[in-house]
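Structure first, then comments.
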Amino acid sequence: MTTNASAGGSANEEQERFWNDVAGPLWVAAEEEIERHTGPFGEVALAVAAPAEGEAVLDVGCGCGATAIALAAAVGAGGTVLGVDLSAAMLARAEERVAASGASQVWFRRADAQGADLGAGSFDLVFSRFGVMFFADPVAGFANLRRALRSDGRMVFVCWQAPSANPWMAVVNRAAARMFGLDAPPHDAPGPFSLAGPERIAAVLYAGAFRTVEITAHEERLHLGSGQPVEDWVHQRLMMGPARSPYLDSQPDRQREVRAVLAESLAAHRIDVDDPMSGLAMDAAAWVVDARP
């Protein structure tokens, strides 16, 4: 069951609008493809977190529920999992998935984890798979998550490394930015790369009252866009990236041109140059972070 049906009053109002009006429905529609690039990293972070039987877990930015279900399996019937997210569409999908899984110890709350009252000292583990890079005030956000942890608890999350280490995002985003004349966003703006530097991660967490921080690099070779033309995969990336607005504002002929140019820029990453449906093999890199009060 999802509680707190509105996250209004959030300190992240821009992000709330984005995840409800734009990104959330897109992520639900592309859930299977998104799992291809987030799932492997989530598995590594879950292994580091090592959720145990009977523990209480907070899943931050739980999205469509895959991590909440995995956490529920680890903590068993005697444990609990609370998934929080800003996106009503993704939480609705998470409810469906949890109902189908039979994980009765999971529930969801639509809330902004930066400032919502999550209950002081309520959780043994705070976990997140790519859900903590969107705080308007990251120090306040992590301090709030620290308050939710028990004194002997731990927080484990995974976040993206720099764009240069993630060509699966950067190739399309950078080429589209050139085509539409877009400036790069500030490096610390809320978004997928706001915690791309380990020094920034450590500084934010220490300022948020964590005492020990361990940061480990993890890389994957992702198989993306299988079973669809490269142009369709490019369209998905454009819809989720910083060039979404100018792309949608373009005439259909211009949109087709942009997709064709960007698909050509990915030629070196094609798995089979003779099979347009074979997909792409591209590198991805993230930080796995283990922080303790």
Side-chain angles (χ1 to χ4, degrees), residues 35 37-76 79-85 94 103 105-106 108-109 111 113-114 116 118-135 138-161 165 192-220 284-293:
E35 282 296 319
H37 65 252
T38 59
F41 293 99
E43 291 172 6
V44 172
L46 279 167
V48 172
E53 186 82 20
E55 287 193 316
V57 182
L58 175 66
D59 186 4
V60 179
C62 62
C64 295
T67 49
I69 292 170
L71 290 162
V75 302
T80 60
V81 178
L82 171 61
V84 296
D85 205 287
Q105 71 275 50
V106 180
F108 297 102
R109 178 177 171 192
Q114 176 175 309
L118 300 168
S122 297
F123 299 97
D124 300 291
L125 168 64
V126 171
F127 180 84
S128 183
R129 185 185 73 178
F130 301 114
V132 294
M133 303 95 71
F134 305 96
F135 295 136
V139 171
F142 283 113
N144 196 44
L145 297 181
R146 163 64 186 88
R147 283 189 290 272
L149 270 177
R150 293 172 181 158
S151 59
D152 59 349
R154 72 272 188 210
M155 178 174 68
V156 175
F157 66 85
V158 60
C159 61
W160 297 116
Q161 293 186 29
F193 301 113
S194 70
L195 297 174
E199 298 85 0
R200 175 167 167 77
I201 295 171
V204 166
L205 291 180
Y206 288 133
F210 286 89
R211 292 181 180 273
T212 64
V213 178
E214 295 185 7
I215 304 171
T216 305
H218 182 75
E219 295 82 32
E220 292 277 349
W287 302 113
V288 180
V289 181
D290 184 341
R292 310 287 171 123

In short, salt bridge (charged side-chain N to carboxylate O under 4.0 Å, His left out) pairs touching residues 148-161 with sequence neighbours left out are Glu55-Arg154, Asp124-Arg150

Side chain proximity check, Leu145 to Leu58, heavy atoms < 4.5 angstrom | yes

Can you find a pair of side-chain heavy atoms, one from Asn144 and one from Gln114, that are under 4.5 Å apart?
-> no

Between the side chain of Asp85 and the main-chain N/O of Cys62, is any donor-acceptor distance below 3.5 Å?
-> yes

Side-chain donor-acceptor distances from residues 44-51 under 3.5 Å, at least two apart:
none

Let me know which of Phe135, Phe127, Phe210, Phe142 forms a ring-ring contact (aromatic ring centres under 6.0 Å, His included) with Phe157.
-> Phe142

With sequence neighbours excluded, residues passing side chain to side chain donor-acceptor pair (under 3.5 Å) with Ser128 = none

Tell me, please, which residues at least two apart from Gln105 pass side chain to side chain donor-acceptor pair (under 3.5 Å).
-> none

For Ala66, which residues count as a side chain to side chain contact (heavy atoms under 4.5 Å, CB included) partner, sequence neighbours excluded?
-> Glu35, Arg97, Arg129

Between side-chain atoms of residues 193-204 and protein atoms elsewhere (two or more places apart, or another chain), which donor-acceptor pairs fall under 3.5 Å?
{"unit_1": "Ser194", "atom_1": "OG", "unit_2": "Met133", "atom_2": "O", "d": "2.6"}
{"unit_1": "Ser194", "atom_1": "OG", "unit_2": "Gly191", "atom_2": "O", "d": "3.4"}
{"unit_1": "Arg200", "atom_1": "NE", "unit_2": "Ser194", "atom_2": "O", "d": "2.7"}

According to salt bridge (charged side-chain N to carboxylate O under 4.0 Å, His left out), who are the partners of [X], at least two apart in sequence or on a separate chain?
X      : value
Glu220 : none
Glu219 : none
Arg146 : none

Output every pair passing side chain to side chain donor-acceptor pair (under 3.5 Å) with a member in residues 61-73, not counting sequence neighbours, ordered by first then second residue.
-> Asp59-Thr67

Inter- and intrachain pairs under side chain to side chain donor-acceptor pair (under 3.5 Å), touching residues 39-50, at least two apart = none

For residues 41-69, which residue pairs qualify under ring pair (Phe, Tyr, Trp, His ring centres under 6.0 Å), counting only residues two or more places apart or in two chains?
-> Phe41-Phe130, Phe41-Trp160, Phe41-His218

Have a look at Leu205 and tell me which of Val213, Val139, Ile215 forms a side-chain contact (heavy atoms from CB on, under 4.5 Å) with it.
-> Val213

